[in-house]
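Structure first, then comments.
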Amino acid sequence: FFLYCSLIFVVVCVMESYNAERRRQLYEGESGAYRSDKSLSSSPKFIVLFLSVVGFFISVLYFSSESKTTKATIRSGNLLINLATKSTEPTEFEKSKSSINFSLRRVGYDPLPYFNSKLKNTPKYAFLDNFDAVIEPSTDMELYFYSEESVFTTNEDRKFIFKVCSSGSSESVCKKSSFYRSAAGDKVSGSIKFDCDAYDSFEINLYEVDLTQNEAIIQQSTINGVCLQVRRELRSLTEADLAKFVDVSYALWNTTEAEGLEKYGSNFHNAAYLLKLHHFNAAQLDADHIHEGNGFLLQHAKITNIFENSLKAIDPSVFLPYWDYTIDDSQKKSMVDAVIMSEKLYGRMFLPTDILKGFSYQNDKISDGRILDGRWANLKADFNTEFPDLKAAYGYMRAPWSMNPSPYISRFTSVFDRSIMLPSCQMHYDVLVSYSSMMDFFYQIAYFPHATVHTLAGGIYGCDALMPMYESGYINSLDSVYNICKNWIFTLKEFYRHNLIVPKQNCVVNEENLEESVCGFDCVEEHLSLLQKALLLSVKKDSNINLPDATAKWTEFMCDGGPGGKIFPGDHLESASPTDPSFWVVHPTIERLFHYKLLSGGFANEEWHSDPEKQTVCEKAICYNATYGYTDYWDHCCYGHFEHDQMLDFESGDRNKHIGLSNAELLKAGDPRSADYSLPYIYDGFDWDHCVDQDFEGLYLGDIDAIMAAAAAQQASSGQDINGSPSKTADGDVPDIPPPLNSGGNNAAVGGGGISGGKGA
């Protein structure tokens, strides 16, 4: 109105000015004198001009205010404009619907909690403040009202139509569907599907129409959407999505790398490729570059993301679920009963004849550890044809300290150490409240909150190989047999890492009787005295090492293919753990835990440790250097666990080259507090409703500093060190090993770890 008036004023002003000039010319022409009384006076002209300017500025301010209000309202998702009539006082119908809150959801799933305006205190990814819906790629999405009662009346003559349009490109693509109640009162919901890439943006328009008035629009609302993958807990998957996930995952095992790249594109990598990536970084002689240190969580997130991208290369609608094993623990389930160890997922596990003694030569066949049924039944182990420095004895892609002769992927679960259980709610809660330093959190997350999954899924075969030592009096008791056994595979790893033992080469599997396959380790002659000292230290709590020939007997047990090599882990519990398909749903669980930690206040100290001699960077800050032949603080000992470290280049086989994102780059991309979060996925929410004795929600809503202080006080009273630097060893009796042939180097000891503490895998 003001703009219209101002334009009229301008026109009047111009016309009057023109007429005044014309009259002046006429009067001057007729009489030679100017007749001012016939012209437009200056005062009215100034009044007209003044009103025109005022009208113009009022109109500009009005439209500016209206534009800002519209943009803000669109972002909030609450724009409700009655297109038929607009009065200064909203109608009763408008009033009843002024709080409408809608979004989109994947068909078959609960809506994401991030966009419900009624959930004021829900942990939320910061960048989602700019959006009101997530559109998952290549899958059916339907309209969802957070409060359906507020948008439906008993009159079935109204219907909602939603139109979703891609934005941010020159060619917008729109799709629409509807949502209504039938005459019988049933909800009828249509869906849309977009093939989109992460962070593609969308405009979502909602129209309520009157079916009795030729679908006349009653009101409309506009919100913004973004394309993202959503990772959900395994049990929440629909039957169809679960079956599709298993099918697509299996394709990574039965498709060669070359075939997959040609068929599915450059994002595809098969299971063998991913196994080599993990194994090359975890099985090196000097150190484990993706476990046992501050890089564990981020390094595994990198590997897991490659796996998920491979799935999506085959089918973009497939997402990688996470397995929250604390649910299984809260239900008093063992690994054998866990949801993942079922025929429809990763196949059932075989139980040993004596669950308390584990898989033994006396009672069980090595082949009993194979996957029993399901898609991966009798899955075979890959051979190592590319990394000659990492050869396992029988030629399989297994840890050099593993003498497992089985051609099958092996699971040797047992309960002979009853302290080992699936990670519990309390373990996950404790790691959230116990560490104010991000580095302490990174270090500890690998152990009790996660590692026993691998311990229980992998397990150990052949503890009864120690029985002759017990029967000859060199081991104190049967309990001592299992105390030594539960740590033995980690003892072997430490001996290998310090170049005290090497696996025999070119061993032959006895296919008719796997148990009779003979291989083992050779002991490095120049370090034999150090090995003997370390051996006795490793068994001293459970063995009479003061017997005159104890050193000779334990050396015989270890060296020249002795029975020490007949005790070995299942595949889940060593550097080749990704060969077991159940590996892939384990690590997203602790990444989700980390996201929640950041959203619940984060850390008082987020600086990376950079000095492994004075700070905890990795478990073994000193390591063996094959070039120089002795152990010391070398730059490569903790590589993989510093801020700017990448992964070793397994493709070239050159451990001095590095590939992929750095830890810092991934941490920045995956910080849920940041508006610059750029991972292609989010998690479906942060609730632990099954944890009835722990207040996970209180960590977000309460005073996190007070909660952490109380937790520290409680645990300090029980003798546990919480907020100090974490121990460099897990529970266990692996000996400290002084550096062999140390020519002037630092003489610090190296810690080990036992099965109860659990190593990351």
Salt bridge (charged side-chain N to carboxylate O under 4.0 Å, His left out) with [X]: which residues, sequence neighbours excluded?
{"X": "E643", "answer": "none"}
{"X": "D373", "answer": "R348"}
{"X": "D286", "answer": "R655"}
{"X": "D522", "answer": "K504"}

Could you tell me whether [X] atom [atom1] has more than 12 heavy atoms of other residues or ligands within 6.0 Å of it?
{"X": "N254", "atom1": "CG", "value": "yes"}
{"X": "K302", "atom1": "NZ", "value": "yes"}
{"X": "N506", "atom1": "CG", "value": "no"}
{"X": "Q362", "atom1": "CD", "value": "no"}

Quick one, K380 and Y408 - any side-chain contact, counting heavy atoms below 4.5 Å?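 Side-chain contact under 4.5 Å: yes.
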Determine whether D337 and D328 make a side-chain contact, defined as any pair of heavy atoms from C-beta on separated by less than 4.5 Å.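 Result no, sub-4.5 Å side-chain heavy-atom pair not found.
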Taking only distance into account, with no hydrogens and no angle test, what donor-acceptor pairs under 3.5 Å do side-chain atoms of residues 465-475 form with protein atoms, sequence neighbours excluded?
unit_1, atom_1, unit_2, atom_2, d
S472, OG, P468, O, 2.9
Y474, OH, D549, OD1, 2.9
Y474, OH, D549, OD2, 2.6

Between the main-chain N or O of D364 and the side-chain N or O of Y461, is there a donor-acceptor pair closer than 3.5 Å?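 At least one qualifying donor-acceptor pair exists.
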Looking only at heavy atoms, which two atoms of H641 and D288 are closest? And how far apart? NE2-O, 3.1 Å
May I ask you to check whether the SG atoms of C637 and C618 are separated by less than 2.5 Å? no
Pairing of [X] and [Y] as salt bridge, 4.0 angstrom limit:
{"X": "E386", "Y": "K391", "result": "no"}
{"X": "E574", "Y": "K493", "result": "no"}
{"X": "R411", "Y": "D571", "result": "no"}

So the salt bridge (Lys or Arg N to Asp or Glu O under 4.0 Å) pairs with at least one residue in residues 555-567 (sequence neighbours excluded) are none
Assess the pair F442 and F594: is the distance between their ring centroids shorter than 6.0 Å?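 Here the rings of F594 and F442 have centres that are less than 6.0 Å from each other.
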Side chain to side chain donor-acceptor pair (under 3.5 Å) evaluation trace for S575 with H278: CA-CA 7 Å; S575 58; H278 187 278; over 6 Å; no
